[in-house]
S.K.: 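Encoded as structure tokens, here's the structure I'll be asking about.
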Amino acid sequence: MPNNTLEITTICSDVENSQFTLQSTVPEEEMRVENTTPVIHPQLSQRRSLPRIKILGTGGTIASKAASSSATADYKVDLTIQDMLDSIPDISRICEVEYEQICNVDSKNIDEPILLKIYNGISESLQKFDGIVITHGTDSLAETAFFIESTIDAGEVPIVFVGSMRPSSSVSADGPMNLYQAICIAADSKSRNRGVLVSLNDQISAGYYITKTNANSLDSFNVRQGYLGNFVNNEIHYYYPPVKPQGCHKFKLNIPTGTESFNFPDVCIIYGHQGITSKLLNIVKSEYEGIVIATMGAGSMPDNVNVDCLRVEIPIVYSKRSMDGMIPRANLPRNSNGDSNMCIASGYLSPEKSRILLQLCLACNYGIDEIRHVFRGVYGG
Ligand SMILES: NC(=O)C[C@H](N)C(=O)O
């Protein structure tokens, strides 16, 4: 008879509590073979009400139609949330749904006034609902998800972003299944305390880190920090216990009533390439309050551009044009005193997420040391 208590000893002598005891944590009743007919205790089913889910619609391909069933481009965003709900399996036994149409646009048109509406829609729903789903175009979904994770403390409420790659009119449209899964994920108690999630193509990921890596295919989103879970045949499989992104700096926004747009400080992105000069840097440095550079490799810019960056008096975040990897602080340019002046390493953040983080820092009037500290959370700074 195997003993289900196992002892292992770490080989790292410096780790505290170097002896662990691993025990099976599966409760006894779950280890029994499941009866295929679920027995619902009548009193229990009456006492338990269904989770309440708020859906906020913003548009995107998931809410679009093309001219023919084979077309996957040149489509129009015009489906309402009700149209989308009509195309998914019955969810009335899973949750109660309320919805609100924030806007209905391609996500290339999501700007600060719309971002504020999404922010307000989520903030107002947090106290009243058990989960929130946001339908969103995939092109800028990762930016909105990053912004929301950085500015809203969701507590235990799951905030689930979802989109699709094919219009609703297409053969094998992915939107209905993606939306169905997102609603199930938002309604599931296992999704609590995980912050902002992205649900797409059966995969569940952290909105803080996810990136759109393919402009066309269904498997368009990737996350080197790892998927959090999977959705298969109506089952949600999380690989880890509840976790939120480490080092995510939370900004508390104070928004006076009647505000129509965030009006964050302007930050632009410069794309690095062979033969780049300081021409663009010199044009934008007086027009913007911060700059992000999508550098070659892990912070590489031509030596003469680095020299000019060290002279600029606004923060310059060195990020990367490579989809994966990070910018270590050691790769920042330095002057003769070994000082990086206003240059900051983005760590693991992409240029577009670095831009949002820098905007938030500048909106809070953070000085260079505080900005460095914030980027330290993602191992930059
Ligand atoms: N797949 C998509 O949703 C792309 C679309 N252009 C959007 O971001 O709104």
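FYI, side chains are in, hydrogens and waters are out, and symmetry mates aren't considered; it's all heavy atoms of this structure. Just so it is clear, the model here is predicted, and its values are computed rather than measured. Order of listing sets the numbers, starting from 1, for every ligand and every atom in it.
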S.K.: Less than 4.0 angstrom from a charged side-chain N to a carboxylate O is my criterion; do Asp188 and Lys190 meet it?
M.R.: yes

S.K.: With heavy atoms under 4.0 Å as the rule, classify the contact between Ser220 and ligand 1 as side chain, backbone, both or neither.
M.R.: neither

S.K.: Would you check whether Ser164 reaches within less than 4.0 Å of ligand 1, judged by its heavy atoms?
M.R.: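 Yes; Ser164 lies near enough to ligand 1 that a heavy-atom distance drops under 4.0 Å.
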
S.K.: Note the single closest protein heavy atom to atom 1 (N) of ligand 1, along with its residue, its atom name and the distance in Å.
M.R.: Thr138 OG1, 2.7 Å

S.K.: Between the side chains of Asn341 and Asn335, is a donor N or O closer than 3.5 angstrom to an acceptor N or O?
M.R.: yes

S.K.: Under 4.0 Å between a side-chain nitrogen and a carboxylate oxygen: does that hold for Lys212 and Asp139?
M.R.: yes

S.K.: What protein heavy atom lies closest to atom 9 (O) of ligand 1? Include the residue and the distance to one decimal.
M.R.: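 Ranked first by proximity to atom 9 (O) of ligand 1 is Ser107 N, 2.8 Å.
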
S.K.: Please report the interatomic distance OG1(Thr259) to OH(Tyr119), rounded to the nearest 0.5 Å.
M.R.: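 It is 11.0 Å, given to the nearest 0.5 Å.
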
S.K.: Less than 3.5 Å between some nitrogen or oxygen of His136 and one of ligand 1, yes or no?
M.R.: no

S.K.: Before accepting this row, confirm whether a basic side-chain N of the pair Glu100/Lys54 lies closer than 4.0 Å to the acidic partner's carboxylate O.
M.R.: yes

S.K.: Taking the non-hydrogen atoms of Met165, is any one of them nearer than 4.0 angstrom to ligand 1?
M.R.: yes

S.K.: Are the side chain of Arg372 and the backbone of Cys343 linked by a donor-acceptor contact shorter than 3.5 Å?
M.R.: yes

S.K.: Please could you name the atoms of ligand 1 that Asp139 approaches to less than 4.0 Å, counting only its heavy atoms?
M.R.: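 Every atom of ligand 1 under 4.0 Å from some heavy atom of Asp139: 4 (C), 5 (C), 6 (N), 7 (C), 8 (O).
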
S.K.: I'd like to know if Asp174 pairs up with Arg166 as an ion pair, taking the criterion as any Lys NZ or Arg NE/NH1/NH2 lying under 4.0 Å from an Asp or Glu carboxylate oxygen.
M.R.: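 Result for this pair is no, no salt bridge flagged.
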
S.K.: I need the atoms of ligand 1 closer than 4.0 Å to a non-hydrogen atom of Gly60, numbered in the order shown.
M.R.: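 This gives 9 (O) as the contact atoms.
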
S.K.: Relative to the heavy atoms of Gly137, which atoms of ligand 1 are at a distance of less than 4.0 Å?
M.R.: 3 (O), 7 (C), 8 (O), 9 (O)

S.K.: What is the nearest protein non-hydrogen atom to atom 4 (C) of ligand 1, stated with its residue, atom name and distance?
M.R.: Thr61 OG1, 3.1 Å

